[in-house]
J.: 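Submitted below is the structure of interest, expressed as C-alpha cells.
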Amino acid sequence: MKQKILYISVRYRDNYIVWFKNSRNFAWLKKPAYELMKMFVNGKSKKEMISYLTINYTVTSTVARNLVNDIIQRIHQFDLPGLFEKVMPETELPHQEKVKPYSIKNYLLGNSSISIVYENQIFESIIHPLISHLETSEKEMERTNYEILSIGEKIGLRKDGSFLGIYTWEETHFLKGKFFMEMAGIAHNISEGEWLMAVHASGITNGKKAILLSAVPGGGKTTLSAILIKNGFQLVSDDFVPVDRNIRAYPFPVAMSVKEGSVNTLMPYYPTLADKPLKQVTSEKKVRYLSGELNLVPLSGSYPFNEVVFVEYNPKFKCRLKKLSKAEGLIRILEQSYITPQKEFAGIFINWALKASFYKLTYSDNLNAIETLTIMFGNE
C-alpha cells in the first residue's frame with residue numbers, strides 16, 4: 001500500500017537532502033537508503049525491498065532485512081508530526097483576565113514601538129536585560145502589546161490578548177525565539193511567515209557581506225564577534241540572526257551576552273564591562289550585557305551571506321580552519337536554526353545549503369582567529 005508521506009528532495013552528487021512535510025524535519029540520505037525510502041513510500045513490500053538490496057548491492061538477506069527494517073523505522077520517525085508545534089506552539093486558550101503586572105516596559109524598534117507586561121520579576125529577567133537599551137519613555141506612539149504571564153506551572157506569551165505560545169520552564173529559549181521573531185518582524189516590517197529562518201549565531205559584516213559564527217554554548221562566538229567589532233567590522237546581530245527568503249541577514253538589536261569566563265579577555269576592548277552588573281541567567285550561567293558600546297549596523301540594512309563558521313574554543317589548537325563537507329555543514333546548521341515550516345521555504349533552504357560554504361574554526365588564540373576570519377572577509 002502506498003504510504004501517505006509527503007516530502008521534497010534535492011540530489012547532491014550521490015546523496016539526497018529530504019524534507020518531510022509532517023515533521024518539518026530534514027534528513028541527509030545516501031544510497032541505498034534514499035532508494036529504499038522511495039520504494040517504501042511508493043508501496044513496495046519489505047520482500048521487494050530486501051530483494052532489491054541483495055541483487056543490486058550484493059549483501060546477504062539478513063543484512064538486507066536489518067537495513068530495510070531500520071530504514072522503515074527511521075522514515076516513520078522523520079514523518080512524525082508535532083516537531084513544529086513543540087517548538088512554536090500555537091495554543092488557543094479561553095480569554096483570561098488582564099494580568100496584574102510586576103512591570104510594564106515600552107521599547108522602540110526603529111519607527112515602531114512595543115509594550116510588554118511582565119507578570120513577575122522572573123519573567124522580566126528572561127527578556128528585558130537583552131533589550132533594556134531599547135526602552136523608551138515615549139507615550140504617544142501606537143504600540144503592539146505583549147504579555148508574559150503564568151499559565152498554571154507554565155509561561156504564556158500573549159499578543160494583543162491572543163496567545164502565541166505556552167512554554168515549560170525548560171522551554172524558555174523557545175519563548176525567546178518566538179518573541180524575537182515577533183520583534184524582527186516589527187523592526188523590519190516583515191511578517192513571521194515571510195522569514196526563511198532564524199539562526200543561533202553571531203552575524204558580522206564588512207558592509208558588503210556577512211559571515212555567521214555559530215557555536216554551542218561556551219564555544220567562543222560572542223568573544224570573537226566582540227573582538228572583530230574592534231577590528232573594523234560591524235555587528236549584524238549576536239546570538240539570533242533573522243534571515244529572509246533572499247538569504248539576507250537582518251540586524252537584530254539585542255544586547256551582547258558576555259559570559260563570566262570571557263570578561264577578562266574582552267575587558268581591554270570594552271573597559272565598561274567592569275561596571276556592568278553580573279546577571280545570573282541560569283543556575284550555571286552568569287553574564288554581563290553589552291549594548292551601547294557595540295558597532296551595530298543600521299537597522300535599515302541587510303546583508304547577503306554564503307559562509308557559516310562553526311566556532312569551537314579548544315586550548316589544544318592555536319587556530320585551525322577546516323572546510324566541512326556539505327553533509328556535516330547541513331547537519332550543523334540545522335541544529336542551530338529554526339526554518340519556517342513551508343514546502344517553498346524548505347526548497348529555498350536546501351538550494352542555499354548546497355551552494356553555501358561551511359567551516360569549523362578550532363582556536364585558542366584570539367588574534368590568530370581574528371586574522372583568519374579577516375582573510376575570509378577578503379575573499380569576496
Side-chain angles (χ1 to χ4, degrees), residues 108-112 130-131 133-134 180 183-190 194-215 220-258 266 268-270 272 289-311 319 321 323 329 333 336-337 348-349 352-353 355-359 361 363 366-380:
L108 192 63
L109 298 173
N111 296 321
S112 302
L130 290 163
I131 58 174
H133 58 289
L134 303 175
F180 285 168
M183 280 184 61
I186 291 172
H188 299 291
N189 195 28
I190 298 175
E194 294 174 351
W195 292 110
L196 172 65
M197 60 182 175
V199 186
H200 176 226
S202 293
I204 301 295
T205 183
N206 61 355
K208 297 179 181 179
K209 70 173 185 179
I211 291 178
L212 300 193
L213 307 181
S214 186
K221 66 178 175 58
T222 295
T223 301
L224 284 181
S225 299
I227 299 176
L228 278 165
I229 292 168
K230 293 298 184 178
N231 282 269
F233 297 94
Q234 288 181 288
L235 180 68
V236 178
S237 179
D238 178 59
D239 213 43
F240 178 90
V241 181
V243 178
D244 74 0
R245 63 189 302 149
N246 297 312
I247 320 297
R248 297 185 71 89
Y250 280 71
F252 190 68
V254 296
M256 180 176 278
S257 303
V258 179
L266 293 179
Y269 301 95
Y270 300 91
T272 57
Y289 293 101
L290 281 172
S291 54
E293 304 90 334
L294 302 176
N295 187 17
L296 287 164
V297 297
L299 197 60
S300 58
S302 65
Y303 303 88
F305 72 95
N306 204 41
E307 295 160 308
V308 181
V309 180
F310 299 99
V311 176
C319 184
L321 184 69
K323 189 167 186 178
I333 194 66
Q336 302 297 327
S337 303
I348 293 172
F349 171 80
W352 167 78
K355 298 174 184 176
S357 297
F358 301 99
Y359 301 88
L361 178 67
Y363 80 102
N366 290 318
L367 295 181
N368 274 333
I370 297 302
E371 181 180 354
T372 299
L373 292 169
T374 300
I375 292 171
M376 287 186 67
F377 271 106
N379 297 329
E380 300 292 346

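Residue numbers run from 1 in the order of the sequence given. Everything numeric in this text was worked out from a predicted model, so none of it was measured. What's counted below: heavy atoms across the whole structure, side chains too, no hydrogens, waters or symmetry copies.
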J.: Of all heavy-atom pairs between V241 and G203, which one has the smallest distance, and what is that distance?
T.: CG2-N, 3.8 Å

J.: Among residues at least two apart in sequence or on other chains, which ones pass side-chain contact (heavy atoms from CB on, under 4.5 Å) with I190?
T.: H188, E194, W195, Y250

J.: Test of understanding: with ring-ring contact (aromatic ring centres under 6.0 Å, His included), list the residues that count as partners of Y289, not counting sequence neighbours.
T.: none

J.: Can you find a heavy atom in the side chain of H200 that is under 4.5 Å from one in the side chain of K221?
T.: yes

J.: Carefully, step by step, assess Q234 and L294 under the rule side chain to side chain contact (heavy atoms under 4.5 Å, CB included).
T.: CA-CA 8 Å; Q234 288 181 288; L294 302 176; over 6 Å; no

J.: Please report the closest heavy-atom contact between A215 and Q336, naming both atoms and the distance.
T.: O-OE1, 3.9 Å

J.: At what distance, to the nearest 0.5 angstrom, does CD1 of I333 lie from CZ of F358?
T.: 5.5 Å

J.: Could you check T372, L373, N368 and say which one makes a side chain to side chain contact (heavy atoms under 4.5 Å, CB included) with L321?
T.: T372

J.: More than 12 heavy atoms of other residues, nucleotides or ligands under 6.0 Å from CG of N306: yes or no?
T.: yes

J.: Closest approach of S202 and D239, non-hydrogen atoms and distance?
T.: OG-N, 3.8 Å

J.: Once rounded to the nearest 0.5 Å, what's the spacing between atom CG of L213 and atom CD1 of I204?
T.: 6.0 Å

J.: Is Y270 close to V258 at the side-chain level, that is, under 4.5 Å between some pair of heavy atoms?
T.: no

J.: Is there a side-chain contact between V236 and L212 (heavy atoms, below 4.5 Å)?
T.: no

J.: So K209 and F305, side chain to side chain contact (heavy atoms under 4.5 Å, CB included) or not? Walk me through it.
T.: CA-CA 6 Å; K209 70 173 185 179; F305 72 95; over 6 Å; no

J.: Below 4.5 Å, heavy atoms only, C-beta onward: do L108 and L134 meet side chain to side chain?
T.: no

J.: Using side-chain heavy atoms (C-beta onward) and a distance below 4.5 Å, is F252 in contact with M183?
T.: yes

J.: side-chain contact (heavy atoms from CB on, under 4.5 Å) with S357: which residues, sequence neighbours excluded?
T.: E307, K323, Y359

J.: Apply side chain to side chain contact (heavy atoms under 4.5 Å, CB included) to C319 and L361, showing your working.
T.: CA-CA 7 Å; C319 184; L361 178 67; 3.8 Å; yes

J.: What residues, two or more places apart in sequence or in another chain, satisfy side-chain hydrogen bond (donor to acceptor under 3.5 Å, both in side chains) together with T272?
T.: E293

J.: If you apply the rule side chain to side chain contact (heavy atoms under 4.5 Å, CB included), what do you find for F240 with V254, and how did you get there?
T.: CA-CA 9 Å; F240 178 90; V254 296; 5.5 Å; no

J.: Just to verify, what does N246 make a side-chain contact (heavy atoms from CB on, under 4.5 Å) with, not counting sequence neighbours?
T.: D244, R248

J.: Any side-chain heavy atom of T205 sitting closer than 4.5 Å to one from F233?
T.: no

J.: Residues two or more places apart in sequence or in another chain: which of them pass side-chain contact (heavy atoms from CB on, under 4.5 Å) with I370?
T.: L224, I227, L228, N231, T374

J.: Measuring only between side-chain heavy atoms, which start at C-beta, is V311 closer than 4.5 Å to S214?
T.: no

J.: Under 3.5 Å, is there a donor-acceptor pair linking the side chains of S257 and D238?
T.: no

